[in-house]
Peer 1: 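Dropping a structure here in structure tokens format, bear with me for questions.
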2 protein chains.
Amino acid sequence: MPSQPQATPGTDGRAAPPRRYGHRPTMKDVAARAGVALKTVSRVVNGEPGVTADTAERVQDAITALGFRRNDSARILRKGRTASVGLVLEDIADPFSSALSRAVEEVARLHGSLLFTGSSDEDPAREEELALAFCARRVDGLVVVPAAGADHRYLAPEVHAGIAAVFVDRPPAGLEADTVLTANAAGARAGTAHLIRQGHRRIAFLGDSPGIHTAEERLRGYREAMAEAGLPVDPSWVSMGPTGPDRVGAALAAALAGPAPATALLTGNNRATLAAVRRLRALDRPVALVGFDDLEFADLLSPGLTVVAQDPAGLGRAAARLLFSRLEGETGPARLVELPTRLVVRGSGEVPPA
Amino acid sequence: MPSQPQATPGTDGRAAPPRRYGHRPTMKDVAARAGVALKTVSRVVNGEPGVTADTAERVQDAITALGFRRNDSARILRKGRTASVGLVLEDIADPFSSALSRAVEEVARLHGSLLFTGSSDEDPAREEELALAFCARRVDGLVVVPAAGADHRYLAPEVHAGIAAVFVDRPPAGLEADTVLTANAAGARAGTAHLIRQGHRRIAFLGDSPGIHTAEERLRGYREAMAEAGLPVDPSWVSMGPTGPDRVGAALAAALAGPAPATALLTGNNRATLAAVRRLRALDRPVALVGFDDLEFADLLSPGLTVVAQDPAGLGRAAARLLFSRLEGETGPARLVELPTRLVVRGSGEVPPA
DNA sequence: CGCATCCCTGACAACGTTGTCCAGTCCGTG
DNA sequence: CACGGACTGGACAACGTTGTCAGGGATGCG
């Protein structure tokens, strides 16, 4: 009876493998069933040479029959390389993060690696917890978008032990490592210059919290552009802090209220831009707006929204490439890649009163 | 000399551990340095009782000095549970997916699990590849947004072996498993009914490719609402297919061109909504639009965009909860959770010619 | 027909951790 | 002072895989 019908389990000599729920067949089980040695199964599974077609087929049959799948945990333990990469973001639900994430995933896929992801929510402790958890899983490398105020010395032992680390969007603190940044200052300068070209002289800047590298760089670019044009900056125009609707509203009110009210506005990130657009809606007076970071629907607003566009996918791609180049043995000092921004001018009709 | 100063490496009897690059200290190294047994180190690392404060401190010192971090690969191999979950999405860069992903991450975090993520790009083969790769890593469970046309029988051996699987947004094919869906038909019916209440009688439906469960359900809801109101549906009004700008544009043109041109439109997903809004801009005649799935900026359009809002975070949360309940031992038949949609009416002024 | 050679196969150890179990120590009590 | 108990510490095996190495069978050549 070669096709053994449903027999009472456990009554025949050649016992069926213990198919109890939760048990996974191992190479040992496969070997027993195929009547070969464990190592031979390993050879077949990994496509190594040195197995006759006949034997290989027997093994394959056993694998299929048992539903065997190699346990990569054991493989990892033995081989040292895990073929996985950890990605620590601010918040995966954010369009910037998710685009970056997708790009990293793409490159990882090309290199046969899987991706762990986690969101830090801008909390340094959470960032560290995530990064170290990934390290404990022995990821080959890490891509980290640093949380504000994080100190990356905690990664030194890991990096020393051979885990590659690349930082994106913001530079690391207390650690030398490959880094990919947006040209924040240059972008903000370009955005501000655009407003100046449009005839504005009183321009406000509404950015994210100080301590966040990108926020400070963008502020710097704004100040540089103003200085270049010989324009003074009234303190009431500049506001840095959380970019929730309330604070943005208050800051906007302040910038527009004083004796020298701003006629134009540069917002320092997506959330601020959205909040500002909503507020400006309610206003009677036209206020020109340039936002840092593109919005998918910026062209649908009326008037269209001019933005300083970053390239989150480009950042992710660049970071992942740096990472894998390290994993492939690249040595040498830490590298810094800076990606340019692109000024996307839309809705040219919103020129304000001169 | 208890605090051994910087000696020439490798010259003293008690040799410093081989700190060559890429070598990680193990519990064995820590034990040797602390002068205790390996198991004692394990106890300290895991906070198990049975170690005097004095010994524990010596071990801790050795851990810090060597920069030891437990190798979770080995731990996983030994313990069987990996404290990790795999998430297969359509495209993490998509707002729907990333919101869902964030919610799953949140629940996983509460349960002390890490998250593998991967994008299938609506390709069943890629979905399978990802899911099985996660299984080979012995994730405890999987959350899968099925790709169109996927057959999930490939997961049967894994599920049988004890890996929990939960499906989100679309039901599995060929496999019984916990599933979380949006009330797609009901939502589309509500959206359509809204347009009917507004006085429209010729309403078009522009959905995603047939074969995608959500697309078909939404089409069904649309047809139900029309039938309920006793309204005929002209074939030229209904179009299913990829939701890129070109096809959407063509479909829209067809719906508006015939002898019975539509005066209103229900779009079946985000991308279609965006494409439709862009096209309608260029038109002279007003066409009412209700979109399936909310857009963050829907209120900023003029007129505001009425949508049938889903709850991607809710889907993710529900799916993750089902998953972890299984991991905690919940048995019993597959469960189906259906989350309601919410009709968000905006811009009431777009009533068309009666 | 004998010997060398090559190819296939299998036994064994090791990866780093945790569970089991036993030996030793220290204390209090009778 | 002897004994029991509690508690600390350590030796050993096991998780499932892969690398090393050696044995055995078939084949080719002299």
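The figures here come from the full heavy-atom set of this structure, side chains too, leaving out hydrogens, waters and symmetry mates. Letters A, B, ... mirror the listed sequences (proteins, then strands); counts begin at 1.
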Peer 1: Under 4.0 Å from OP1 or OP2 of D:dG9: is there any side-chain N or O of B:T52 that close?
Peer 2: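 For B:T52, the contact criterion (side-chain N or O under 4.0 Å from OP1 or OP2 of D:dG9) is met.
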
Peer 1: List every contact pair, protein side and nucleotides 14-18 of chain D side both N or O, where the distance is under 3.5 Å.
Peer 2:
residue, atom, partner, partner atom, Å
D:dA14, N3, B:R78, NH1, 3.1
D:dT17, OP1, A:N71, N, 3.1
D:dT17, OP2, A:M27, N, 2.7
D:dT18, OP1, A:N46, OD1, 3.2
D:dT18, OP1, A:N46, ND2, 3.1
D:dT18, OP1, A:R75, NE, 3.0
D:dT18, OP2, A:S42, OG, 2.8
D:dT18, OP2, A:N46, ND2, 3.1
D:dT18, O2, A:R78, NH1, 2.2

Peer 1: My understanding is that only residues two or more places apart in sequence, or in another chain, count here; which of them pass side chain to side chain contact (heavy atoms under 4.5 Å, CB included) with A:A133?
Peer 2: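 Only B:L114 meet the side chain to side chain contact (heavy atoms under 4.5 Å, CB included) criterion with A:A133.
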
Peer 1: If only atom types and distance count, is the side chain of A:R326 paired as donor or acceptor with the main-chain N or O of A:T331 below 3.5 Å?
Peer 2: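 Here the side-chain-to-backbone pair exists.
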
Peer 1: Heavy-atom count check: over 12 atoms from other residues, nucleotides or ligands less than 6.0 Å from A:E48 CD?
Peer 2: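 More than 12 within 6.0 Å, yes.
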
Peer 1: For A:A83, is there any backbone N or O sitting under 3.5 Å from a side-chain donor or acceptor partner on A:D140?
Peer 2: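 Judged by distance alone, yes, a pair lies under 3.5 Å.
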
Peer 1: Just checking B:T55: base, sugar-phosphate only, or nothing, at a heavy-atom cut-off of under 4.0 Å?
Peer 2: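 Sugar-phosphate only.
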
Peer 1: Taking side chain to side chain contact (heavy atoms under 4.5 Å, CB included) as the definition, give me every residue that meets it alongside B:R109, ordered by chain and number, with sequence neighbours left out.
Peer 2: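 Only A:R126, A:E129, B:E106 meet the side chain to side chain contact (heavy atoms under 4.5 Å, CB included) criterion with B:R109.
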
